[in-house]
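In what follows, chains are A, B, ... by sequence order, proteins preceding strands, each numbered from 1.
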There are 2 protein chains.
Amino acid sequence: MAARAEVSQATAARALGGYGYVGAASRRAVLDAAQELGYRPNNVARALVSGSTRTIGLVVGDIENPFFAAAARGLADVVEEEGYTLLLANSDEDLERERRAIDVLRTQLVDGLVVAPVSGNDGDHLRVLESDNRPLVLMDRAIRGLQVDAVMVDNAGGARTAIEHLLKFGHDRIGVVSDADEISSTAERLRGYRKALRDAGIEPDPGLVSVGPSTRAGGYDAARVLLERPDRPRALFTLNNFMTAGAVRAIRDFGLRIPDDVALVAFDELEWTTLVDPPITVVAQPVAELGRAVGARLLARLRGDDSTPKRTRLRTELIVRSSCGPGG
Amino acid sequence: MAARAEVSQATAARALGGYGYVGAASRRAVLDAAQELGYRPNNVARALVSGSTRTIGLVVGDIENPFFAAAARGLADVVEEEGYTLLLANSDEDLERERRAIDVLRTQLVDGLVVAPVSGNDGDHLRVLESDNRPLVLMDRAIRGLQVDAVMVDNAGGARTAIEHLLKFGHDRIGVVSDADEISSTAERLRGYRKALRDAGIEPDPGLVSVGPSTRAGGYDAARVLLERPDRPRALFTLNNFMTAGAVRAIRDFGLRIPDDVALVAFDELEWTTLVDPPITVVAQPVAELGRAVGARLLARLRGDDSTPKRTRLRTELIVRSSCGPGG
DNA sequence: GTGAAAGCGCTAACAC
DNA sequence: GTGTTAGCGCTTTCAC
């Protein structure tokens, strides 16, 4: 090791690692020598003995989704500040792939794990992590019966305000373009949707909820099913960003006009929703903050916080534009 | 270790690691015991001795940028198939942060590194990597004088076809909304732009190239500068996706109409470019394929390929829509 | 304040 | 085929 150039190994390690007692003189000597020899500490060796890899594992449905990308960015910003690096894995919204991803990450001995779980019901593979004694925080999605930190968004509330907005325009038959309600955030949004209807004295019609995969194509197809109905709903509520794009495309392809033929409110704000004509009324989520809050929670745990698990809800905001009718 | 439950340590390691000779009987025994005890191999220890961490480092300007996100996805898909995990870092398009990110990744002993370098000129921090003897592949952007694998897009060609398209509509004064030409891909696009003009007998006017940071706001401001000119150009060419969004916003805010008041061609295809009115003519890049090609190159190196560095160019495609005038 | 030595959990020779 | 043994490059007692 570089240290030998000057003093002993332990001393060098202490100087480099910045722990224990080192004389000012030896410290200088070591640091200089390290500089000269271009010494890089070997984090793998360090991790083996210290038990910490300074990495955080992140498992999301698809990093290509702007929602996850922005959250990942927020998370990275926060944890990198403390010297952690993000290990990334895509689950592709598939439970089996999620399991494998978590397994690989565990094997890499990440110091902490962030997961946006595919399923709100099936959490056994996450329950196992408890024995690892490494912090886990759930991002955007919860798992029934799993008592761990989770930072989410007020999905039910966001959906409710969206529906109430549509209600104001006299829509009582509102179609929903949804992905699988196994995803906990989706389930919550659907719950908010039904609640808002019932509160208005309307019994939700299950036939108006059209389900597809969380992709553009999924949104297109799910919207198509709704638009093809003889009693086509005059209002649509889309539950996530990719599907919104697909739904807008479908509406166009049917030669329908927003908002005259069909009103639209979308969950999740994206750049382009302001660029299209008409600009779309959306339920905006604080995405970057979601990532940052998750990071903060994780860092707290990493620092030894062992309070009982916290579930945090971030507020959403209805941004009224022009996709529902005159004046909104 | 779990193994003791049955046989010796070395044998267990062999069975678990799948290397060396192991009798069928002992293999079974070991595997069963491992199963029972919920044994997880410790990749850190394994890495320390084997010299391989099964991780790939990725440094991009901003994972939130759909371009990088899609490329990252393609890369992840390819390398995960071979059991590698992506270690992610953002450089924020800042050279100093890029240096630090690379340093951290080296320290984590990634088996290979993928970088979309901020600067096409300053590559000393990457040159150092040669001594690491770990493969490095450049993604989307090259560095002058650095002989390493690189997978890029035909930026000059793409820009040329874009400009030729605009030329066909009679535009001879084409404004460019650009980010820093230190970014090699940007420099190439600008080169293609100038070449196309000169080939048409037009001397490029440097005043028509407006530069800003690679963000929506940067695009907005850069476009504004152009649109405020008394001799406002009647055509705009935007060099990347975020800036395109900003430019479109600026055009709208100026009360200008596409394509009547200003024609537009954008580099990089995004979902929303087909959703706005009019849909925008773009130079599409094979982004996912870019990531996959980078992954393939890296895996080849990891497998021992030591041929001379390859520079690959992926083809772009002009997708004509309606942002330049009647019929395109 | 500094050095010697043990050991983190594995792999890789090398004997048997 | 299987066991023994020696490290990988660090951190960490524990003497001095």
Practice task
Find the distance B/Y21:OH to C/dC14:P and express it as a whole number of Å.
Solution key: 15 Å
Exercise for the section: Considering just the side-chain nitrogens and oxygens of B/T11, establish if one lies under 4.0 Å of OP1 or OP2 belonging to D/dT2. Expected result: no
Provide a list of protein-nucleic acid N or O atom pairs under 3.5 angstrom, restricted to nucleotides 11-13 of chain C.
from: C/dT11; atom 1: OP1; to: B/R46; atom 2: NE; distance (Å): 2.5
from: C/dT11; atom 1: OP1; to: B/R46; atom 2: NH2; distance (Å): 3.4
from: C/dT11; atom 1: OP2; to: B/Y19; atom 2: OH; distance (Å): 3.2

Exercise for the section: Could you tell me whether the side chain of A/D94 and the main chain of A/E96 form a donor-acceptor pair under 3.5 Å? Expected result: yes
Problem - salt bridge (charged side-chain N to carboxylate O under 4.0 Å, His left out) partners for B/D124, two or more places apart - result: B/R127
Fill in the blank from the handout: B/N42 CG to C/dG7 P, in whole Å, measures 18 Å
Practice task
Say whether B/T186 and B/D181, considering side chains only, have a donor N or O and an acceptor N or O under 3.5 Å apart.
Solution key: no
Exercise for the section: Can you measure from OG1 (B/T53) to CG (B/L48) and round to the nearest 0.5 angstrom? Expected result: 11.5 Å
Completion exercise
From CD of A/Q108 across to P of C/dG9 the rounded distance in Å is 17 Å
Practice task
Rounded off to whole Å, could you give me the CG-to-C1' distance for the A/L16 and D/dT11 pair?
Solution key: 12 Å
Handout entry: Which nucleotide in D/dT2, C/dT2, C/dG3 has an atom nearest any side-chain atom of B/S26
Key = D/dT2
Fill in the blank from the handout: From CG of A/L48 across to C1' of C/dG7 the rounded distance in Å is 9 Å
Exercise for the section: Nearest 0.5 Å please: distance from the CG atom of A/D140 over to the CZ atom of A/F67. Expected result: 3.5 Å
Exercise for the section: Compute the angle between the rotation axes at the two ends of the helix from C/dG1-D/dC16 to C/dC16-D/dG1, each taken over five pairs, rounded to 10 degrees. Expected result: 30°
Handout entry: No-hydrogen, no-angle side-chain donor-acceptor test under 3.5 Å, A/S50 and A/S52
Key = no
Exercise for the section: Indicate whether the side chain of B/E182 and that of B/S119 have a donor and an acceptor atom separated by less than 3.5 Å. Expected result: yes
Practice task
Could you tell me whether B/R27 and B/D32 make a salt bridge, using a distance below 4.0 angstrom between a side-chain N and a carboxylate O?
Solution key: no
